[in-house]
Enquirer: 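Sharing a structure here in structure tokens format.
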Amino acid sequence: MISKSNPGVFRTDPAAEFPTEEHCHIIEIFNLQETACSIARSRVEPGVTTANHLLRETAEWYYILQGRGEMILNSSPAGTVGPGDVIHIPAGTPQCIRNTGKEDLIFLCICTPGFKSDVYEAV
């Protein structure tokens, strides 16, 4: 088992991608219960807007890797996003993202503390 005192290499398995009710596809890259953060890769298909939701007691950062989109926070447009952009989403903030491009919108989701399904709430 890998722990904070025994760092290791984590490999991403593209075949581990799964669809969510949120209208995106997720690969959990790193999420160990004893860690202060988690990392997942999210993929949103062209023309799709993810379900409006919030994470209780969990802050999130999106790091855009590919594609173009529009971030919506608290039901208001927060701005257009593209590769290299970072979006900070404070804990408890309603959020969704719309893929406005012609290719998949792909981004990393970094959560602190690490993501647990019981903090997810549909809005």
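The residues of the chain are indexed from 1 along the displayed sequence. These numbers were taken from a predicted model, which means no experiment stands behind them.
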Enquirer: Is the shortest side-chain heavy-atom distance between Leu55 and Cys111 below 4.5 Å?
Expert: yes
Enquirer: If you look only at pairs with a residue in residues 82-102, which of them pass as a ring pair (Phe, Tyr, Trp, His ring centres under 6.0 Å), with sequence neighbours excluded?
Expert: Trp61-His88
Enquirer: Is there a side-chain contact between Glu60 and Ile87 (heavy atoms, below 4.5 Å)?
Expert: no
Enquirer: For residues 62-82, which residue pairs pass the ring pair (Phe, Tyr, Trp, His ring centres under 6.0 Å) check, not counting sequence neighbours?
Expert: Tyr62-Phe107
Enquirer: Indicate yes or no for a side-chain donor-acceptor contact from Asn74 to the backbone of Ser76 under 3.5 Å, with no hydrogens or angles considered.
Expert: no
Enquirer: Nearest 0.5 angstrom please: Asn52 CG to Ser75 OG, how far?
Expert: 5.5 Å
Enquirer: Given the rule that I, L, V, M, F, W and Y join up when any side-chain heavy atoms are under 4.5 Å apart, are Ile110 and Val86 in one cluster?
Expert: yes
Enquirer: To the nearest 0.5 Å, tell me how far Thr93 OG1 sits from His53 NE2.
Expert: 10.5 Å
Enquirer: Could you tell me which non-hydrogen atom of Asp13 sits nearest to which non-hydrogen atom of Ile27, and how far apart they are?
Expert: O-CG2, 4.0 Å
Enquirer: Considering only Ile, Leu, Val, Met, Phe, Trp and Tyr, and joining two whenever side-chain heavy atoms are under 4.5 Å apart, list the other residues clustered with Ile26.
Expert: Phe18
Enquirer: If we only count heavy atoms from C-beta on, is the Leu105 to Ile64 side-chain gap below 4.5 Å?
Expert: yes
Enquirer: How far apart are the closest heavy atoms of Gln66 and Pro83, and which atoms are they?
Expert: CA-CG, 4.2 Å
Enquirer: For Ala51, enumerate each residue passing the side chain to side chain contact (heavy atoms under 4.5 Å, CB included) test, keeping only those at least two apart in sequence or located in another chain.
Expert: Glu22, His23, Tyr120
Enquirer: Can you give the donor-acceptor pairs under 3.5 Å from side chains of residues 37-50 to other protein atoms, not counting sequence neighbours?
Expert:
unit_1 : atom_1 : unit_2 : atom_2 : d
Ser38  : OG     : Phe115 : N      : 2.9
Arg41  : NH2    : Glu17  : OE2    : 2.5
Arg43  : NE     : Glu17  : OE2    : 3.1
Arg43  : NH1    : Asp104 : OD2    : 3.2
Arg43  : NH2    : Glu17  : OE1    : 2.8
Glu45  : OE2    : His25  : NE2    : 3.1
Thr49  : OG1    : Arg98  : NE     : 3.2
Thr50  : OG1    : Ile97  : N      : 3.0

Enquirer: In terms of hydrophobic clusters joined by side-chain contacts under 4.5 Å, are Val119 and Ile89 together?
Expert: no
Enquirer: Tell me whether Val123 is reachable from Leu73 by hopping between hydrophobic residues (I, L, V, M, F, W, Y) whose side-chain heavy atoms are closer than 4.5 Å.
Expert: no
Enquirer: Taking side chain to side chain contact (heavy atoms under 4.5 Å, CB included) as the definition, give me every residue that meets it alongside Asp118, ordered by chain and number, with sequence neighbours left out.
Expert: Lys116
